[in-house]
Amino acid sequence: MTAEYNPKKIEESAQKKWIEDGRFEAKPDDREKYYCLSMFPYPSGKLHMGHVRNYTIGDVISRYKRMNNFNVFQPMGWDAFGLPAENAAIANEVSPKEWTNDNIEHMKQQLISLGLGYDWSKELRTCEPKYYKWEQLIFKKFFEKGLVYKKKSLVNWDPIDETVLANEQVIDGKGWRSGAPVEIKEIDQWFIKITDYADELLSSLNEVDWPENVKTMQENWIGKSHGAEIKYQIKDSEEYLTAFSTRPDTIYGVSFVAISPNHKIALNLSEHDKKIESFLKQCKETSSAEADMAKAEKLGIDTGMKVIHPLTDEEIPVWIGNFVLLDYGTGVVMGVPGHDQRDFEFASKYNLDIKQVISSSTNDELPVLTKGILLNSDKYNDLDSDSASKKIIEELSEKKLGEGLIQFRLRDWGVSRQRYWGCPIPVIYENGDAKLVEENELPVVLPELPKDSPPIPLSQNEEFYKISDGIERETDTFDTFMDSSWYYARFTSADNDSEIFDENSKYWLPVDLYIGGIEHAILHLLYSRFFHKALRDMGMVEGNEPFKKLLTQGMVLKDGTKMSKSKGNTVDPQSYIDKYGADTVRLYMMFTAPPEQSLEWSESSVEGASRFIKKVWNLVICRNYEDINIPDNFSKEELDLRRKTHTTLKKVTNDFETRFSFNTAIASIMELLNAIPDDFKDKDASNSKKYCLNETIIIILKTLNPIAPHVSEFLWNHFYNLNAPEEIESSWPKVEDSLLEVSEFELVIQINGKVRGKTTARIEDTQNQIEEMAKKIENVAINLDDKNIKKVIYIKGKIINFVI
RNA sequence: GGGGAUGUGGUGGAACUGGUAGACACGCUUGGCUUAGAACCAAGUGCCGCAAGGCGUGGGGGUUCGACUCCCUCCAUCCCUACCA
């Protein structure tokens, strides 16, 4: 008589109990704390596979830590502002708020049905005034600290819809809705001086336990480079064009200077020159996204202007180049076609001089991109690049035509968005002067939309922005990266409406483990790190870094590409939860690939996960373990099972603890289950066999608990109620080291690195004994064939290799 | 264009520190159970070959007694590229 495994029933009752007991609600106590955070989702409607994977990883680790007596805090919330809500509002005629909140309610139920152990008492939603009130306060404090300023900056402008478009809304240079060619427009926007922290953002990467690739990506993004600012006097003028270069050693190779199409000189020239005017118009049609710009054909136009080379006094032509960014450096670059790929292509196209000023160690073909020895460089000839750079900077400094400079690739963070569904920027303009809204008047609440209205930007909502004559509110909203840059800290005091961070924050911060998609490796993580440092400097949080350890999980793919609606290759996790239960979906997710790697969705493997759970169910459900005594001694077969049980436990513990390698942990639990001999499962098996099986079942259920918590807890309570009072999640089992010792091993015998035989040997055998034994193996003897043995390599406990 | 990854059977993956390549699972084949099917159980399953044996971790080269692992080079795919989140 075996009861049928019914995941729906088991899971619903377990989830209900967990919530009733408040099992995952965390309070500071004297245990070691563990703040485990998974990146909160954008409430797009329903969970996708990436969420399921991310949150299962976090939950497995949280449950494992809880079993190891950590005080675990695992909260969840919603990154609730953003573009899709506005799109949905237009498409479905619901307000962004309604749409967002409906989605949250649905997705929250999905998270609960996955058995994720969140502390829902700390749930937060970024679109609620009680959250963004504090964000507005932080912005005010940033402003007071001098970290905020306004400047003109470029946006994609849709001339038909008269709106600013996000890069993803620009398709082949056209607005996605209107189809009109997008224009690049310059408007006044709010910026945050993240560059003030550039150096520290770089150096304190040493303090965190993050994957090396993420650290490298951040390093390269911040991009600290040593170089020089070099001033080129404009001919017949007192003015200069200042260019930054990391290669001042190539200064004798400069054959043109290129300025950005948005540089004020270019704009001035276009007023009197039709050709330049039409060129600038053409430039405005290229999307401002970096990837698009890089792919776009490099175009330029000669301004006819000349500048004076600071060392040779030669006249150099000034061009306008569509590849020069105004926002980066000075908006001016010096063109060295002999030693820069892009400049080389540009010069070849427009027949500009290409001079070699650095020797090449390998071949003479230009451009030579490596450093080397200078030539054609007057008195600097024969110096190496580095010392030449130094001396050239000295000369430029003396002439007051340049200076050595450290430059960052990182640019200040533009936080203004001209949209409705976002956090209002708390600024009031009095006759054009910007003033921050007083603290006691926060929050500036996002106005409700008029009934049946599409989401109109705040700039079209006079009721919102007009306070009185000459006094108006700011109508930009914040970039949603602002919302997600500090939520990790707010979780720790999410239920406190009188303080942004409180005593609990001190206890829980920093986040011990942060888990999320690799796609956030740069922007989100960099902004959050910046926020933490700025908040620290304002005395609001402690420590230098928000996230101690980082786990970046790979994408869930189908047919080799990211699941997406546009490709029509999405798989809805809900149907699998409904069909197989949450435990199976969790087990599948953890078994199919290691967390950092991308996971290829496979329908039939889900079936396999379900089968394994049923096997465990069938093993445990029909057992009756009354009256088992501790045996005095064990047979060899019994000891073998006990050894297998404890080596498995050791491996699983190691996989959880040091590698987050859940797929191999699960594989070894499966192996253990397969290793139980049939006669141990007999109803009338001996007491000692039952004892060993008992031990194995305990370890299987315990180690499975973080991954498949519902079924393991159910079976535990069923199986264990007679034997002990312990709750399954109360402790992680201990390895009995004495059971692990082995005296024999399988010796592999190689000849010239090829396997020619295997035999059983004892660990304590000497190399000589091993050699003699190996030579007697038939296939080894045939292959050795009296040949001269040049060398013998013996790796203890593993392998012996004869070199002939 | 720049930056970061990945590449192993029919499939997902394992091999953690340079030491038996393919654990575990899916699929498939055969057999058992069944009126039949599903489910379940047992055995087999990298490729070529009747076999002996040979080949084999994206391609090419190198270091080593020994390379999925280290080095060089090429190719393919994926992610990020500052207004998707």
Side-chain angles (χ1 to χ4, degrees), chain A residues 39 41-42 44 79 81-84 154-156 164-170 194 211-214 216-221 223 288-296 298 323 327 341-342 345 409-419 479-481 484 517-524 526-527 552 554-555 557 560-562 588 591-594 596-609 611-612 614-615 618 651 654-655 658-659 661 663-664 666-671 674 746-755 758 790-793 795 798-804:
Chain A
M39 289 180 187
Y42 179 78
S44 55
D79 190 11
F81 275 136
L83 208 46
L154 307 175
V155 293
N156 302 308
V164 174
L165 298 178
N167 284 337
E168 75 159 7
Q169 295 175 310
V170 180
I194 189 172
E212 278 311 314
N213 60 332
V214 177
T216 308
M217 281 191 255
Q218 294 223 343
E219 260 169 46
N220 292 333
W221 183 263
S288 61
E290 197 198 67
D292 293 332
M293 289 195 63
K295 269 178 232 138
K298 310 288 173 284
F323 54 89
D327 286 342
Q341 188 65 40
R342 185 188 60 196
E345 283 161 22
R409 204 189 79 99
L410 180 69
R411 308 199 294 260
D412 277 337
W413 177 12
V415 295
S416 284
R417 296 293 181 271
Q418 297 70 37
R419 287 191 245 288
D479 174 11
T480 55
F481 274 125
S484 57
I518 184 71
E519 65 272 23
H520 295 292
I522 297 174
L523 293 179
H524 163 62
L526 194 68
Y527 293 141
T552 48
M555 318 222 120
L557 309 176
T561 49
K562 190 175 172 174
Y588 165 77
F591 178 61
T592 298
E596 300 87 346
Q597 264 179 49
S598 55
L599 181 154
E600 174 69 34
W601 176 259
S602 143
E603 179 81 34
S604 50
S605 296
V606 183
E607 203 69 62
R611 211 175 287 171
F612 173 66
K614 281 184 197 151
K615 279 190 196 174
N618 290 335
K651 174 159 176 57
N654 184 54
D655 285 349
T658 65
R659 310 202 291 158
S661 173
N663 55 330
T664 53
I666 293 163
S668 60
I669 300 171
M670 288 175 168
E671 247 185 279
N674 295 341
E746 191 187 36
L747 175 73
V748 173
I749 303 137
Q750 296 183 335
I751 294 170
N752 287 350
K754 288 195 171 161
V755 178
K758 292 173 192 176
K790 290 183 199 152
K791 201 169 167 187
V792 182
I793 292 127
I795 307 295
K798 279 185 180 153
I799 210 161
I800 187 159
N801 187 12
F802 296 100
V803 184
I804 57 173

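Quick note on labels: first sequence line is chain A, next is B, and so on, each numbered from 1. Below, each value reflects all heavy atoms present in this structure, side chains not excepted, and no hydrogens, waters or symmetry copies.
You'll find that the side chain of A:E290 is closest to B:U81, out of B:A85, B:U20, B:U81. Checked against B:U81, B:A14, B:G19, the side chain of A:T664 finds its nearest nucleotide in B:A14. You'll find that the side chain of A:T480 is closest to B:A85, out of B:A14, B:G12, B:A85. Comparing B:A15, B:C80, B:A5 by their nearest atom to the side chain of A:N213 picks out B:A5. When distances are taken from the side chain of A:R419 to each of B:A25, B:C83, B:U81, the shortest belongs to B:C83. Counting only heavy atoms from C-beta on, A:E168 has its side chain closest to B:C84 among B:C84, B:G19, B:A82.
By the rule that a glycosidic angle within 90° of 0 means syn, B:G12 does not qualify and counts as anti.
Contacts of A:P594 with the nucleic acid, taken as non-hydrogen atoms under 4.0 Å apart, involve only primed sugar atoms and P, OP1 or OP2. When heavy atoms are screened at a 4.0 angstrom cut-off, A:I666 is found touching no nucleic acid atom at all.
Of the nucleotides present, none pairs with B:U69 by Watson-Crick or G-U wobble criteria with both distances under 3.5 Å.
Each of A:G608 and A:A291 lies near RNA chain B, and the nucleotide nearest A:G608 is the one positioned closer to the 5' end. If A:V755 and A:M670 are placed on RNA chain B by their nearest nucleotide, the residue sitting closer to the 5' end is A:V755.
Scanning atom types as modelled, one donor and one acceptor separated by under 3.5 angstrom connect the side chain of A:E746 and the base of B:U20.
Residues A:R409 and A:E290 are paired through a salt bridge, judged by an N-O separation under 4.0 Å between the basic side chain and the carboxylate.
Nucleotides B:G56 and B:A21 place their C1' atoms 9 Å apart, quoted to the nearest Å. For the C1' atoms, the distance linking B:G19 with B:U69 amounts to 11 Å, nearest Å.
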